[in-house]
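Take a look at the structure below.
Chain letters run A, B, ... following the sequence lines, proteins first, then strands; residues in each count from 1.
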Protein chains: 2
Amino acid sequence: MSNITKKVSWSSRPDESGAAGEGTPLLNGSEQPRHSRQLSEEGSLFQIGRLSTVDLEEERTSDEDSLRGRPKEIPHNEKLLSLKYESLDYDNIENQLFLEEERRMSHMGFRCLEISRWVVCGLIGFLTGLIACFIDIAVEQLAGIKYQVVKENIEKFTEVGGLSISLILWAVLNSAIVMLGAIIVAFFEPIAAGSGIPQIKCYLNGVKIPRVVRLKTLVVKVCGVICSVVGGLAVGKEGPMIHSGAVVAAGVSQGRSTSLKRDFKIFEYFRRDTEKRDFVSAGAAAGVSAAFGAPVGGVLFSLEEGASFWNQMLTWRIFFASMISTFTLNFFLSIYHKNPGDLSNPGLINFGRFETDSVTYNLYEIPLFIAMGAIGGLLGALFNVLNYWLTIFRIRYVHRPCLQVMEAMLVAAVTATVSFTMIYFSNDCQPLGPEHTEEYPLQLFCADGEYNSMATAFFNTPERSVRSLFHNQPGTYNPLTLGLFTLTYFFLACWTYGLSVSAGVFIPSLLIGAAWGRLCGILLASLTSSSSIWADPGKYALIGAAAQLGGIVRMTLSLTVIMVEATGNVTYGLPIMLVLMTAKIVGDYFQEGLYDIHIKLQSVPFLHWEAPATSHWLTAREVMSSPVTCLNRLEKVGTIVDILSNTSTNHNGFPVVELVTENDEGGNPAKLCGLILRSQLIVLLKHKVFVELARSRLTHRKLQLKDFRDAYPRFPPIQSIHVSQDERECMMDLREFMNPTPYTVPQDTSLPRVFKLFRALGLRHLVVVDDENRVGVVLFFFSPPVTRLPLDVILMHFFVTLQVIGLVTRKDLARYHLGKHGLEELQLAQT
Amino acid sequence: MSNITKKVSWSSRPDESGAAGEGTPLLNGSEQPRHSRQLSEEGSLFQIGRLSTVDLEEERTSDEDSLRGRPKEIPHNEKLLSLKYESLDYDNIENQLFLEEERRMSHMGFRCLEISRWVVCGLIGFLTGLIACFIDIAVEQLAGIKYQVVKENIEKFTEVGGLSISLILWAVLNSAIVMLGAIIVAFFEPIAAGSGIPQIKCYLNGVKIPRVVRLKTLVVKVCGVICSVVGGLAVGKEGPMIHSGAVVAAGVSQGRSTSLKRDFKIFEYFRRDTEKRDFVSAGAAAGVSAAFGAPVGGVLFSLEEGASFWNQMLTWRIFFASMISTFTLNFFLSIYHKNPGDLSNPGLINFGRFETDSVTYNLYEIPLFIAMGAIGGLLGALFNVLNYWLTIFRIRYVHRPCLQVMEAMLVAAVTATVSFTMIYFSNDCQPLGPEHTEEYPLQLFCADGEYNSMATAFFNTPERSVRSLFHNQPGTYNPLTLGLFTLTYFFLACWTYGLSVSAGVFIPSLLIGAAWGRLCGILLASLTSSSSIWADPGKYALIGAAAQLGGIVRMTLSLTVIMVEATGNVTYGLPIMLVLMTAKIVGDYFQEGLYDIHIKLQSVPFLHWEAPATSHWLTAREVMSSPVTCLNRLEKVGTIVDILSNTSTNHNGFPVVELVTENDEGGNPAKLCGLILRSQLIVLLKHKVFVELARSRLTHRKLQLKDFRDAYPRFPPIQSIHVSQDERECMMDLREFMNPTPYTVPQDTSLPRVFKLFRALGLRHLVVVDDENRVGVVLFFFSPPVTRLPLDVILMHFFVTLQVIGLVTRKDLARYHLGKHGLEELQLAQT
């Protein structure tokens with residue numbers, strides 16, 4: 001036999017070359033199969049570059065060092081990108097098993113699948129609607145009891161003096177209820193805190209947020225939101241509906257509950273990230289739909305936040321889920337309100353009916369609306385900046401659960417105190433109208449037949465307060481009341497968002513905006529006394545609400561549609577759009593949207609719509625992680641276990657390369673032949689799919705797609721899989737399981753182009769290949785006699801440049817963003 | 001010098017190998033540059049496969065033969081795929097020039113671009129609104145005159161007898177007006193026929209329909225639609241608005257008019273397909289918005305039909321254009337109606353105000369709505385089948401312009417005659433209401449103070465008839481009138497669609513549906529006499545209209561939103577959605593949507609959302625066109641001219657390969673290094689960008705991106721470019737101009753995966769590469785003395801497998817579709 005030496009070099013880092021593979025002898029094809037096996041057993045881990053344990057997908061040494069320099073000081077920072085978040089696979093893994101299944105499936109099979117997708121969407125809508133209904137009724141009942149108790153107490157003590165007892169009662173009640181909500185969130189499921197919208201945004205974007213779509217999260221979320229709203233915090237119950245809908249969708253579509261250990265053996269086809277994502281989109285849309293009675297807005301929300309690829313049938317299904325959701329809520333609420341069939345409660349929040357006559361706006365009002373949009377943008381940016389500082393503070397000092405619970409209780413008590421003080425010192429008395437739009441009118445120091453106007457804003461659920469601001473007759477509020485209310489509620493809401501309770505920011509934003517919007521309307525009316533068109537401050541309250549909400553969350557099309565649908569009046573489309581646009585432009589000048597801030601503070605590798613505009617000078621070569629850990633198609637079990645167990649790295653995708661092809665002639669470069677995921681390898685190891693075992697036990701069941709689906713999505717860690725020393729010497733054939741056609745880009749591809757491919761197809765790993773394929777000279781020693789050739793020794797040397805030279809993952813792309821001083825690169829860290 | 005022979009073989013067709021290139025000597029790097037030049041000059045056209053003139057992107061010999069067998073019998077056929085349609089480049093051509101420009105551009109530059117995008121969208125909306133306003137006013141004025149004349153004539157002859165003269169007058173008037181409209185369409189711009197929606201769908205899908213977005217088309221379209229509506233055909237003016245908006249967008253965004261030969265030197269950055277597509281989406285949305293007063297519906301229409309990739313900012317801009325469009329229309333109409341500032345005419349068609357009280361539906365009505373949806377689906381399918389047969393007939397026998405004009409005149413006359421007959425024999429007299437909803441009430445044989453009810457449906461513009469059906473008081477129509485009207489109008493509308501006049505099918509569909517819907521309502525009311533909920537037949541008219549329209553056009557989400565916005569009432573969302581869904585499901589069972597039928601009959605290579613479900617067994621290897629004509633990076637001008645001039649093929653994209661790299665060692669496989677388009681080559685030839693010229697004339701201006709933009713989109717044909725015999729011997733360096741990083745797939749990629757990549761990124765060419773990269777043995781002859789090596793001659797042989805093995809284009813993907821008997825493959829033909 002002849003000796004063959006193959007030198008592996010890598011163009012951009014020639015000093016790191018050194019991993020040695022082994023080729024097959026030239027002109028010696030008959031010996032090849034045995035040789036190939038030997039090769040695979042000996043040089044099984046094909047590592048490009050020298051440092052076999054360092055894979056830059058997960059680890060950057062310099063960043064780690066810098067982190068060690070300032071330990072725990074700022075665990076979250078918007079200049080960092082966390083490595084702890086994994087990605088979801090929104091690109092189908094089209095391996096041989098999958099293709100075989102698809103090819104086996106008949107046309108009718110696909111049709112059945114389609115029908116079950118519709119059924120699942122219907123179920124999602126129905127259950128989401130039910131949950132919304134449950135939350136609504138629970139909040140209404142409990143809040144009713146609370147306000148009744150406090151009201152009676154206040155009324156009792158107004159006469160005899162000693163209202164401080166009422167204040168204490170109110171504050172203690174609030175704190176107790178909020179404590180309950182905060183405890184379940186802080187101690188049982190911290191992911192259920194907040195509105196959940198940032199989390200769902202991340203999920204739909206392709207980031208795996210641990211435990212975000214579990215049943216436990218749903219239960220905590222629902223109970224938590226009831227507690228927070230009843231506890232009188234400046235929060236809404238709308239945001240959490242979106243999260244709830246998403247959890248319902250993730251649960252229903254899988255046909256099983258891992259938490260409850262029940263598997264209904266249905267919908268098994270949907271047990272993968274791609275399908276699950278589609279259903280979660282539908283769930284989120286159903287949530288929006290139930291929250292605001294806005295089915296179209298829900299669809300647009302899902303599309304805006306998630307779906308990178310617009311698919312007509314998918315959109316239509318999402319719309320179906322949304323419709324069913326709002327309809328279910330509407331139907332059950334109509335029964336609850338003892339008026340079955342009256343479909344006038346399409347959402348948790350109803351803006352009430354804007355009469356078409358009273359709402360027409362005039363052309364000359366449009367500049368005013370735009371100005372209000374600018375105010376909304378400014379106030380929203382202020383809100384976001386304050387909340388950003390507060391969040392940084394919380395991350396540093398309030399990270400223990402009990403502290404979080406105490407903070408929540410403090411906020412509840414302060415909210416009650418401030419409200420009470422405001423009501424107490426207000427002398428804005430209004431006559432009780434005949435229609436009783438106020439549910440709990442507080443007379444306090446007002447004359448008989450009058451009520452305290454400040455109390456309608458503070459002594460009420462925020463939803464009702466919003467509606468009062470929109471629809472109460474002109475003159476119901478005096479400007480001072482509105483101004484003070486705006487001021488206090490602004491800071492209360494800002495303090496509240498980010499507490500460890502589950503609660504949304506939509507309603508507080510609307511309430512703040514409606515208050516100052518109405519104030520604007522009143523001031524305008526007083527400036528131009530005679531004109532009747534200014535007479536309706538409710539219109540300005542609506543515009544203000546839109547401006548404030550837009551300034552805080554910075555959603556665009558979906559928010560416009562949600563507002564229009566919640567208003568129930570299409571004619572308001574143009575002003576709302578203009579206002580939201582202005583608010584976004586003005587707000588973006590100062591600070592990002594609230595959800596984006598929180599995503600950034602969590603250092604989530606979130607992919608925006610496009611690569612930064614000025615990033616054309618970056619190419620895949622600069623962006624990619626390298627060197628890459630590659631596997632051979634026929635790989636030793638021990639090697640695989642070692643790679644997976646390596647805790648310093650945490651690879652999730654491995655290019656599979658082939659050093660020797662079936663070609664008769666030798667000297668081939670190692671070429672990319674597939675991509676395999678950690679989760680797949682784990683399943684293979686668990687089922688001991690080893691070449692030797694398959695040979696010895698002929699009856700050994702072939703691994704099916706079902707085995708992967710059963711393990712999805714909670715794949716066991718590698719530590720839990722026992723591999724004996726003998727088994728470590730076995731081989732695994734990855735051919736059937738790897739994705740044989742991963743997407744690749746040449747290394748000179750520009751970042752925007754890589755980004756577009758990655759984002760549009762929802763990829764998790766993108767293999768960067770060398771477009772050089774340089775084949776150099778290989779060193780052959782032919783021992784004589786090679787009779788037919790007139791020579792003794794052939795000296796050749798192949799500088800084989802390997803094809804796989806890097807891997808682009810989500811973190812590599814999310815790292816670049818447009819800062820104040822041009823393109824900035826975030827640091828990667830294991831926070 | 002040593003001789004080097006390289007044998008080129010191609011694995012799947014080894015017998016076709018034979019094109020000879022030339023390598024560089026082994027271990028002889030110092031000689032390489034000169035050698036490389038020589039090589040490029042000698043073996044310039046690198047043709048994979050033997051048949052250099054045959055490129056299957058455009059030609060399939062067997063199909064051509066089969067076509068010659070039955071010449072001109074069925075020039076259009078839904079089993080054929082035409083090769084005459086080119087694709088648009090919705091993937092940016094990121095060549096060196098482009099990247100240099102992008103890299104030069106500052107952050108501020110990108111911001112200015114963004115602002116100009118908004119400005120363009122605003123302009124698009126404004127102009128589209130103006131056009132809609134012009135059409136509306138023109139139609140109203142002209143139709144008013146016509147109906148007044150006819151009405152007076154009828155009134156005159158009702159007394160004295162001889163109504164046949166009135167009939168003749170009416171018929172002749174109609175025919176004359178329609179003749180005008182038909183002549184300009186048939187003789188000047190046939191592409192302006194119909195609603196234009198199929199054409200815009202194709203454009204947004206990526207198919208280049210010749211002359212579809214030209215100024216002349218717009219003018220003909222606008223004049224044509226006025227003539228058809230005034231001429232009393234069963235058509236609407238809404239569909240053409242979408243086309244008009246698209247043309248406006250394509251014109252405004254380019255900052256010049258090629259037809260008028262005016263270049264404003266603005267928006268030059270937008271002169272490429274990618275940017276233009278975005279603006280055309282905005283234009284189409286603005287058109288929908290102006291037509292129906294449905295800005296959100298417009299956005300959804302654009303997204304549903306076109307944008308494969310959802311981009312938040314783009315969507316937001318589209319929405320802005322839509323809003324401006326409906327607002328402009330509304331504003332100018334309010335001035336025209338002498339009520340400035342009254343924004344109650346958001347669209348060309350107004351469904352009128354549905355009072356919230358009267359429109360609430362009850363739960364038990366939902367099954368009825370679904371049943372109506374099914375009826376709509378059935379009637380829609382019938383409509384489509386009839387129109388399909390009619391279209392086949394027209395393609396065969398009515399293809400000469402004068403015949404088309406005569407057919408249009410005939411239809412106009414028949415429409416008038418039928419209408420007159422119906423009115424004449426109707427004895428459905430209704431009392432004239434005080435509010436005068438009827439504009440031209442015909443008394444005819446009714447008593448004084450009464451009018452002929454059939455005339456409100458027939459003797460009116462269809463828009464007004466629809467509104468009457470929605471809103472007239474219960475009892476205004478008797479069932480027989482409605483039944484007869486439905487029947488006649490159904491066949492009239494079916495006959496009319498596809499005439500060579502520009503006209504839409506939305507309004508006739510709505511009218512038919514509203515008629516039978518109202519009929520259903522009346523029948524239901526008579527069955528259940530006492531219940532008041534049944535009292536409003538207008539509600540059923542609305543549902544019927546939705547059902548009929550859905551059954552014909554089969555749009556989904558966008559149509560729901562359009563209907564809801566046109567109704568101005570959000571509460572109708574659920575029933576409309578259910579109805580449209582039912583209509584689509586029922587209709588799809590029998591026949592495709594009307595637009596899809598016409599797209600298929602034109603044999604357009606239209607890409608649907610996904611590859612057929614059962615196509616997983618197809619791979620890129622089976623789908624691709626091969627062999628491919630490749631170019632060398634340094635290519636002889638003569639060769640390029642010959643390839644481009646080859647009329648039997650009509651390639652539009654050429655992979656650029658490199659036989660020799662800068663590598664010091666020889667024997668490299670030819671590798672893919674880029675992709676270049678026909679249009680780019682044409683520009684290069686036109687500007688004589690030859691290596692030799694650049695050397696001789698040092699002052700020669702470097703070709704810039706601007707030169708390509710100036711030539712866009714009407715690149716001259718190759719025949720118009722003169723290349724002298726000397727110039728034919730020159731070389732062209734394609735490096736700067738080719739796209740160096742075209743997307744590639746390995747040949748084993750499954751069709752759905754190829755499809756997804758192609759569709760999601762809006763590609764035009766997708767290069768299929770061989771994943772083998774087999775390097776064989778090359779034959780080297782070293783003449784002595786090669787002193788350092790202990791040998792005289794080295795014999796080696798490289799079987800180089802080339803990387804590029806095929807090209808996937810739109811036609812290759814559009815060819816496969818799901819027929820009744822599973823997967824079917826369409827034939828390709830040069831129709």
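For the atom pair B/Asp748 CG and A/Glu94 CD, the distance stands at 11.5 Å (nearest 0.5 Å). Here A/Leu303 contributes atom CG and B/Leu303 contributes atom CG; the two are 8.0 Å apart, rounded to the nearest 0.5 Å.
Note on A/Glu100, A/Met323, A/Met105: by heavy-atom pairs under 4.5 Å with chain B, the leading option is A/Met323. When the candidates A/Phe327, A/Phe319, A/Trp316, A/Phe320 are compared by the number of heavy-atom contacts under 4.5 Å with chain B, A/Trp316 comes out ahead. Each of B/Ile318, B/Asp91, B/Thr326 has some count of heavy-atom pairs under 4.5 Å with chain A, and the biggest count is that of B/Asp91. Most heavy-atom pairs under 4.5 Å with chain A, from the set B/Thr744, B/Val564, B/Leu578, B/Thr741: that is B/Thr741. Between chain B and the options A/Arg753, A/Met581, A/His107, heavy-atom pairs under 4.5 Å are most frequent for A/Arg753. Between chain B and the residues A/Ser750, A/Ser322, A/Pro752, the largest count of heavy-atom pairs under 4.5 Å involves A/Ser750.
Contacts of A/Glu114 classified as salt bridge (charged side-chain N to carboxylate O under 4.0 Å, His left out), with partners at least two apart in sequence or in another chain: A/Arg117, A/Arg317. Take A/Arg103 and apply the side chain to side chain contact (heavy atoms under 4.5 Å, CB included) test, not counting sequence neighbours, and it matches A/Leu99, B/His616, B/Trp617, B/Thr619.
Interface remark: A/Thr560 contributes side-chain atoms only to the contact with chain B (heavy atom separation under 4.5 Å). Heavy atoms closer than 4.5 Å to chain B are found in the side chain of A/Leu818, but not in its backbone. Interface remark: A/Ile366 contributes side-chain atoms only to the contact with chain B (heavy atom separation under 4.5 Å). With a 4.5 angstrom heavy-atom cutoff, A/Asn92 touches chain B only via backbone atoms. With a threshold of 4.5 angstrom between heavy atoms, A/Phe98 approaches chain B through side-chain atoms but not through N, CA, C or O. Heavy-atom distances place no part of A/Pro612 under 4.5 Å from chain B, backbone and side chain included.
Among the candidates B/Glu304, B/Glu610, B/His608, the single residue satisfying the side chain to side chain donor-acceptor pair (under 3.5 Å) test with A/Gln312 is B/Glu304.
Side-chain contact check for A/Val561 versus B/Val561: every heavy-atom pair is 4.5 Å or farther apart. Under the 4.5 Å side-chain criterion, counting only non-hydrogen atoms from C-beta, B/Val296 is in contact with A/Leu300.
Considering all non-hydrogen atoms of both residues, B/Ser106 and A/Thr614 come closest at C-CG2, 4.3 Å.
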